[in-house]
Amino acid sequence: MATLLRSKLSNVATSVSNKSQAKVSGMFARMGFQAATDEEAVGFAHCDDLDFEHRQGLQMDILKAEGEARGDEGAEPPVEGDIHYQRGGGAPLPPSGSKDQAVGAGGEFGGQDKPKITAWEAGWNVTNAIQGMFVLGLPYAILHGGYLGLFLIIFAAVVCCYTGKILIACLYEENEDGEVVRVRDSYVAIANACCAPRFPTLGGRVVNVAQIIELVMTCILYVVVSGNLMYNSFPGLPVSQKSWSIIATAVLLPCAFLKNLKAVSKFSLLCTLAHFVINILVIAYCLSRARDWAWEKVKFYIDVKKFPISIGIIVFSYTSQIFLPSLEGNMQQPSEFHCMMNWTHIAACVLKGLFALVAYLTWADETKEVITDNLPGSIRAVVNIFLVAKALLSYPLPFFAAVEVLEKSLFQEGSRAFFPACYGGDGRLKSWGLTLRCALVVFTLLMAIYVPHFALLMGLTGSLTGAGLCFLLPSLFHLRLLWRKLQWHQVFFDVAIFVIGGICSVSGFIHSLEGLIEAYRTNAED
């Protein structure tokens, strides 16, 4: 009897143990893990160690072989899977000498071995983006907005600073231990995460399209402003603005052969310093005429038809969100990102506001789309030549970025590519790749010839893509990814920015388009 009782109790205990183990295994299975016994776990760990050591040996052999046979063209390329192996489940690193690594497109996950930048260096990059030569159109915005235009310069700085911070917040999530870790590395990755799981690539495609439009329009604006500045610098020459644009494009045609930005990156610092010097010269001339400033011309009323264009101009001058994820991922101290965004946007707000107000007070109703066209002939020619040189040297940066996005979207997605790859096995650019680049240069020329209106194009671009990338998408992504963790005031700010940004975007786009149509009709009649 006792033996029978012990047997039943043993069976019950075994059954309970099996059920508990089944529940635990099911729970782990739902979490994406697979339960294993102690012996199996030890075996898996042992196999993983052996596999790691084996692959590490392969990695060292491959690196040695590459170093010995670097000049041997007939050698077989190493196996990609062995080179990209990483312990700990990290994302694969790009192969040595790859094109992505050369242009620095790897972000944080693909560029772990790259030297990090300080907060000051990151701030310098942001300053270059939001203090560029498009500041020359801000006095024209004050012409149609008055004091409300000045308020908009401040408001846009505050909003763009805030949306830049929440965009970076979307790169991070909490892991199982409650630690905040970086799980995304780009604007496209954030957009894809928001559209997953139904449309895992839709968001990235939308961002890519907006990015291409903004980059191409930036190239067009550089050609337009080059033709405009040269035409107004030498009005006595029998050369039209369209002809100057053609000459500028002929100078820019070698950009089609660029493989990386090493050839032009060395000029970026000189261009930026030259631009600051030009701004100082313009402000100094305006201050010399301070006695004649027309304060009575600055009013609170707005031009209903043209003020929305001013909104687009101001927003476009603050666009930097596209490269902020990559910039933050390459900072030595990512915790200093918020402080960096604060002082860069405060400085930009002060400098832009002073420049726009002082320039408008000097010329009042005579203010032109590009403010340097208001300078006297002797000063204007010198300043404009420097500005044209800066525009031509700045053109390769957005052009190369647009080409990279097009090539990766249409030519380098493996089996999903729409067209064959632009590069051959030896890394040389193929004929259709060169054709694509030349066609893009010619397209920017045609747009600059048929729509030679700097302020209207700038307002159109700012309303269409600037507001979307700086206002609408960051606030929408923030609400989508971090909804459960947001406080009520953060939700209010995000919703308010989305609504205000949407209204400004639609109204600015419509009025900019109407202004372009009207200007085109006027030119056709003339």
Side-chain angles (χ1 to χ4, degrees), residues 130 134 137-138 140-167 170 187 190-191 194-195 203 206-207 209-211 213-214 217 299-322 345 348-349 352-353 356 453 455-483 486 488-519:
I130 62 179
F134 298 115
L138 291 181
Y140 187 77
I142 304 298
L143 173 65
H144 300 296
Y147 286 110
L148 190 57
L150 286 174
F151 169 77
L152 192 59
I153 292 176
I154 301 173
F155 177 76
V158 174
V159 173
C160 288
C161 181
Y162 173 76
T163 55
K165 295 176 182 178
I166 64 175
L167 184 67
C170 294
Y187 208 139
I190 296 173
C194 290
C195 296
V206 172
V207 171
V209 170
Q211 185 177 356
I213 293 174
E214 179 160 334
M217 291 298 291
K299 299 180 180 179
F300 287 96
Y301 76 90
I302 61 174
D303 188 333
V304 178
K305 285 189 175 182
K306 294 187 177 181
F307 181 67
I309 302 174
S310 303
I311 297 176
I313 294 173
I314 294 171
V315 171
F316 185 75
S317 69
Y318 279 106
T319 54
S320 64
Q321 271 73 0
I322 290 177
H345 282 74
C349 173
K352 288 181 179 182
H453 301 283
L456 293 176
L457 278 176
M458 190 174 171
L460 180 68
T461 307
S463 300
L464 181 62
T465 61
L469 293 172
C470 294
F471 290 3
L472 304 180
L473 294 183
S475 57
L476 183 63
F477 293 163
H478 196 225
L479 291 170
R480 173 69 176 83
L481 294 175
L482 302 175
W483 171 259
L486 298 180
W488 68 268
H489 66 274
Q490 293 175 310
V491 175
F492 174 77
F493 288 155
D494 291 346
V495 173
I497 290 172
F498 185 83
V499 173
I500 295 174
I503 295 173
C504 294
S505 177
V506 173
S507 61
F509 177 76
I510 293 175
H511 287 87
S512 297
L513 199 59
E514 289 178 349
L516 286 173
I517 294 173
E518 183 179 352

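- Listed by chain and residue number, nothing satisfies the ring pair (Phe, Tyr, Trp, His ring centres under 6.0 Å) test with Y318 (two or more places apart in sequence, or in another chain).
- Of all non-hydrogen atoms in G137 and I313, the two that sit nearest each other are O-CG2, 3.8 Å.
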The test is side-chain contact (heavy atoms from CB on, under 4.5 Å); show your working for K352 and I314 and say whether it passes. CA-CA 10 Å; K352 288 181 179 182; I314 294 171; over 6 Å; no

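- Pairs passing the side-chain hydrogen bond (donor to acceptor under 3.5 Å, both in side chains) check and including a residue from residues 502-516, sequence neighbours excluded, do not occur.
- Each of T461, I309, T465, L460 was checked for a side chain to side chain contact (heavy atoms under 4.5 Å, CB included) with F509, and the lone residue meeting it is L460.
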Contacts table for residues 140-158: side-chain donor-acceptor under 3.5 angstrom, sequence neighbours left out:
from: Y140; atom 1: OH; to: H144; atom 2: NE2; distance (Å): 3.4

Report all side-chain donor-acceptor pairs from residues 493-502 shorter than 3.5 Å, counting only partners two or more places apart or in another chain.
from: D494; atom 1: OD1; to: Y162; atom 2: OH; distance (Å): 2.9
from: D494; atom 1: OD2; to: H478; atom 2: ND1; distance (Å): 2.7

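- Rounding to the nearest 0.5 angstrom, the gap separating the OG atom in S310 from the CE atom in M458 is 10.5 Å.
- Rounded to the nearest 0.5 angstrom, F316 CZ and L469 CG are separated by 10.5 Å.
- Distance check, rounded to the nearest 0.5 Å: CG of L516 to CG of L457 gives 5.5 Å.
- Across G466 and E214, no two heavy atoms sit closer than the pair N-OE1, 3.9 Å.
- The minimum heavy-atom distance linking G462 with V315 is given by the pair O-CG1, 4.0 Å.
- With sequence neighbours excluded, the residues that form a side chain to side chain contact (heavy atoms under 4.5 Å, CB included) with L481 are C170, R184, I190, A193, C194.
- Applying the side chain to side chain donor-acceptor pair (under 3.5 Å) test to T163 and every residue at least two apart in sequence or in another chain returns Q321.
- Across P474 and C470, no two heavy atoms sit closer than the pair CG-O, 3.7 Å.
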